[in-house]
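In what follows, a single structure is set out as structure tokens and then discussed.
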Amino acid sequence: MKYLIICTLLAVFSSCKNPNNRQLLTFDQLNVKKDYRGLDSLPKDLNEVYKINLSRLCLKEVPKIVFKMVNLQELNISENQLTTFENIDRLKNLQILSIAMNNFTVFPVGITQLKHLKVLNIYWTDIKTLPKDFYNSNSIEELDMTSMFKFDFNTNLKFMHQLKNLKRLNLGNNQIPTLSLNFPLLNNLEEFGLIHQNRINIKELLINLSKCKKLKTIHLSADNIKTVPDEIILLDSLTTLNLYENLISTLPIKMIAMKTLKEITLIDNPIDSLKLSSIEKRMPNTKIIY
């Protein structure tokens, strides 16, 4: 009994000694927390702030008060005029961060020190590369790199598999001639996006994606795809296929064997309704939207 009391006191003392040892919320718990919008909405007790949205405020620097929010776990500071993000490593409990649509040309290196960061949005920035330390992260699950026109994908994509827990990767609207991703080592990838490509070898892409054994969702919108090759059936864990705004008239008959597929989006394609309806009837458990 004495031993138990001593252990409990030591745990309490340790927690008090380390003010950064805060409780991390699950995403479900975080979703129901109040999302404070702007600085004028803040409560007197900054310990109550778990989420704050500071987007579209024409900010040129991160307000100092942000660093006093010791419980902050979700920060949206997108669509501003930031060029740097000093001291971001002080926000030790961040799990969700969006710095998208700012004036960054260099990746804020302090992000590599955020040991609990799971979701990172850096889309529509002029960041050119990611530091090697970033790829050592064991926490990153979601990375959105849409429309990063100055980014060196050829060099960086070959390291992406080092993000061991990466589940969602969006590379959309970037013209990437060669996807140098190590597909077989993307062991936890569940969702992949590659939209608005001028050229895409869909057959080769599907073969590569089939090596990601947990892949469930693919976004291939506006890629000028004319036909869906039979290799689609290699993706035996696929549940959602988004082919919005392509040049597809029908689907290959082999797709009726895809028992896990729940939804296919074919909106804004030149669909041959007669051909597609015959396939649709043979896929009663799949919702085809067109």
Legend entry - Test item: Glu204 and Glu231 side chains (from C-beta on) under 4.5 Å apart, heavy atoms: no

Inset, instruction - Answer yes or no: does atom CD of Glu61 have more than 12 heavy-atom neighbours from other residues, nucleotides or ligands under 6.0 Å? - result: no

Legend entry - Contact check, side chains of Lys226 and Ser249, non-hydrogen atoms, under 4.5 Å: no

Legend entry - Gap separating the OG1 atom of Thr239 from the CG atom of Leu215, nearest 0.5 angstrom: 8.5 Å

Inset, instruction - Could you state whether Ile96 and Ile122 fall into the same hydrophobic cluster, counting links through intermediate Ile, Leu, Val, Met, Phe, Trp or Tyr residues with side-chain heavy atoms under 4.5 angstrom apart? - result: no

Legend entry - Student check: side-chain heavy atoms of Asn182 and Lys158 closer than 4.5 Å: no

Legend entry - Sub-4.5 Å side-chain heavy-atom contact between Leu169 and Met160: yes

Legend entry - Nearest atoms (heavy-atom pairs only) where Lys164 meets Asn188: O-ND2, 2.7 Å

Legend entry - Asn154 side chain to Thr178 side chain, donor-acceptor N/O pair below 3.5 angstrom: no

Inset, instruction - Using side-chain contact (heavy atoms from CB on, under 4.5 Å) as the criterion, point out the one residue from Ile195, Thr146, Leu181 that pairs with Leu171. - result: Leu181

Legend entry - Heavy atoms of other groups near Lys216 NZ, more than 12 under 6.0 Å: no

Inset, instruction - For the residue pair Asn53 and Ser55, confirm or rule out a side-chain donor-acceptor distance under 3.5 Å. - result: yes

Legend entry - Heavy-atom check, side chain of Leu266 versus side chain of Leu276, under 4.5 Å: yes

Inset, instruction - Check whether the side chains of Tyr50 and Asn93 place a donor and an acceptor atom closer than 3.5 Å, and report yes or no. - result: no

Legend entry - Heavy-atom side-chain proximity of Asp126 to Phe104 below 4.5 angstrom: no

